[in-house]
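What follows is one structure encoded as structure tokens, with my remarks underneath.
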Amino acid sequence: KLAELQHYTKSAAELYISQPSLSHSMKNLEDELGISLFQKNGRNIVLTDYGREFYQCIDEVLTLLDDGIAMLKKNAESTSNNIFIATLPLFSVEFISKNIRTFMKLYPQTKFDIFTCINNKEVINGMNDGIYDLGLCYKVDNEKDLVFVPILRQDLVIICKKDHELSKKEKITLSDLREYPLITYRESNPLGAFIRNLFKSQKVEPNIVFAFDEDITICEMVAQDFGIAVLDNMPILRDCFSIIPLDIETDLPLLYLVYHKNSMNSKVIQNFIRLLKTSSTIA
């Protein structure tokens, strides 16, 4: 600015600083460079030969910086309407799809990409690596960079084929399952670990014949008559299986909304987070 106006008072006024502050800053710069950038010309100042050379360099750098900022803003605007969501299979699909429909009525330009992860670890790793903007999974301790918000309460049920002898029961206890081949989640899955501990607390030894990472395979194995399953109640199951409530009171693991606390979420993502929070089934 000083090179452009060649006047300390005018330059200071346009920069919204005092003239002594500008003079002090320029003296520090010249001391740092070890050269004089300006010389007096009456009441004004003009660039020295070194000053003209340095000014040309600075002008090119500032232009490049402005171009870089403009490019970043353009890229941010082009991707700000995209939301990448990671979720565990099946049980959160209805919750997400309903909220996406509601959100797109308000923000029709929003684009959603939903990625189904096999297990909880895949969701968490993807969040930490910046692949996903949001996740729906179980809470993991010692993840200090992630925010976990309880969003869905689960409900354990028994599913079996519609012609299975258990399908006539209105409710069922864990001890009723003792004799039946059981299909459930792996113990490494938070819900799988919970189900095993639930059996243990009731002093029932389950006949687990298969254990898998996710719901889809469990449902397919039940459909092929390999056994019955204990899993979370999902609307998608209603047309395919008999669903029998468990006659037991228990606090199931909650499903959490997760996002990175240090990420600069776009406004559209922040608005979607707010919608999901208001839609939460957790009191």
Side-chain angles (χ1 to χ4, degrees), residues 65-140 143 145-155 190-191 213-217 219-220 231-240 243 252-283:
L65 179 61
D66 288 340
D67 290 344
I69 293 172
M71 180 187 68
L72 286 175
K73 287 183 177 179
K74 182 179 179 180
N75 289 341
E77 289 172 358
S78 66
T79 60
S80 61
N81 288 331
N82 295 341
I83 301 180
F84 297 91
I85 303 173
T87 180
L88 298 175
L90 285 186
F91 59 78
S92 57
V93 171
E94 183 184 42
F95 176 77
I96 283 292
S97 59
K98 284 183 176 180
N99 280 287
I100 286 177
R101 172 57 61 198
T102 300
F103 194 78
M104 291 189 71
K105 289 179 181 178
L106 301 172
Y107 305 95
Q109 301 303 316
T110 307
K111 295 180 181 179
F112 288 89
D113 275 319
I114 302 175
F115 300 86
T116 302
C117 298
I118 292 178
N119 53 45
N120 213 63
K121 185 177 180 181
E122 189 176 338
V123 178
I124 297 300
N125 288 345
M127 292 298 303
N128 283 323
D129 292 341
I131 299 173
Y132 312 121
D133 298 307
L134 305 172
L136 281 166
C137 62
Y138 298 107
K139 187 177 182 180
V140 176
E143 288 289 344
D145 293 331
L146 298 179
V147 177
F148 290 88
V149 180
I151 209 80
L152 282 176
R153 190 177 299 281
Q154 297 178 275
D155 180 25
L191 192 53
D213 290 307
E214 36 71 39
D215 315 81
I216 296 174
T217 307
C219 292
E220 285 295 329
L231 74 172
D232 181 52
N233 192 10
M234 299 168 276
I236 198 170
L237 300 173
R238 293 168 190 161
D239 296 331
C240 306
I243 302 174
L252 274 169
L254 302 176
L255 187 67
Y256 284 77
L257 168 67
V258 56
Y259 53 91
H260 207 286
K261 67 169 63 172
N262 296 324
S263 64
M264 297 297 291
N265 290 323
S266 67
K267 287 185 179 180
V268 69
I269 294 175
Q270 292 174 15
N271 289 336
F272 190 61
I273 290 173
R274 278 193 285 271
L275 175 64
L276 293 179
K277 287 180 178 179
T278 58
S279 302
S280 170
T281 61
I282 310 300

Under the side-chain contact (heavy atoms from CB on, under 4.5 Å) criterion, do Val123 and Leu88 qualify, and how do the steps go? CA-CA 8 Å; Val123 178; Leu88 298 175; 4.0 Å; yes
When you look at Phe95 and Ile151, which way does the side-chain contact (heavy atoms from CB on, under 4.5 Å) test go after all the steps? CA-CA 10 Å; Phe95 176 77; Ile151 209 80; 3.6 Å; yes
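- For Thr102, the side-chain contact (heavy atoms from CB on, under 4.5 Å) criterion is met by Leu275, not counting sequence neighbours.
- Inter-residue side-chain proximity for Cys137 and Val258 is flagged as met; some heavy-atom pair is nearer than 4.5 Å.
- In this view, Glu122 and Cys117, Ile118, Asn119 satisfy the side-chain contact (heavy atoms from CB on, under 4.5 Å) rule, not counting sequence neighbours.
- Atom CE of Met127 and atom CZ of Phe84 lie 12.5 Å apart (nearest 0.5 Å).
- Shown here are the side-chain contact (heavy atoms from CB on, under 4.5 Å) partners of Val140, two or more places apart in sequence or in another chain: Asn120, Ile124, Glu143, Phe148.
- Partners of Lys277 under the salt bridge (Lys or Arg N to Asp or Glu O under 4.0 Å) rule, at least two apart in sequence or in another chain, do not exist in this structure.
- The line from OH of Tyr132 to CD1 of Ile85 is 12.0 Å long, rounded to the nearest 0.5 Å.
- The ring of Tyr256 has its center no closer than 6.0 angstrom to the ring center of Tyr138.
- In this structure, Asp66 has no side-chain contact (heavy atoms from CB on, under 4.5 Å) partners at least two apart in sequence or on a different chain.
- Checked against ring-ring contact (aromatic ring centres under 6.0 Å, His included), Phe272 has the following partners two or more places apart in sequence or in another chain: Phe103, Phe112.
- Scanning all heavy atoms of the two residues, the minimum distance from Leu254 to Pro150 falls at CD1-CB, 3.9 Å.
- For Asn99, the side chain to side chain donor-acceptor pair (under 3.5 Å) partners are Ser279, not counting sequence neighbours.
- Note that CG of Leu191 and CG of Leu231 are 8.0 Å apart. Values are rounded to the nearest 0.5 Å.
- With a 4.5 Å cut-off on side-chain heavy atoms, Thr87 and Ile114 count as touching.
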Enumerate, atom names and distances included, each donor-acceptor pair closer than 3.5 Å involving a side-chain atom of residues 104-111, sequence neighbours excluded.
from	atom 1	to	atom 2	distance (Å)
Tyr107	OH	Asn271	ND2	3.1
Thr110	OG1	Tyr107	O	3.0

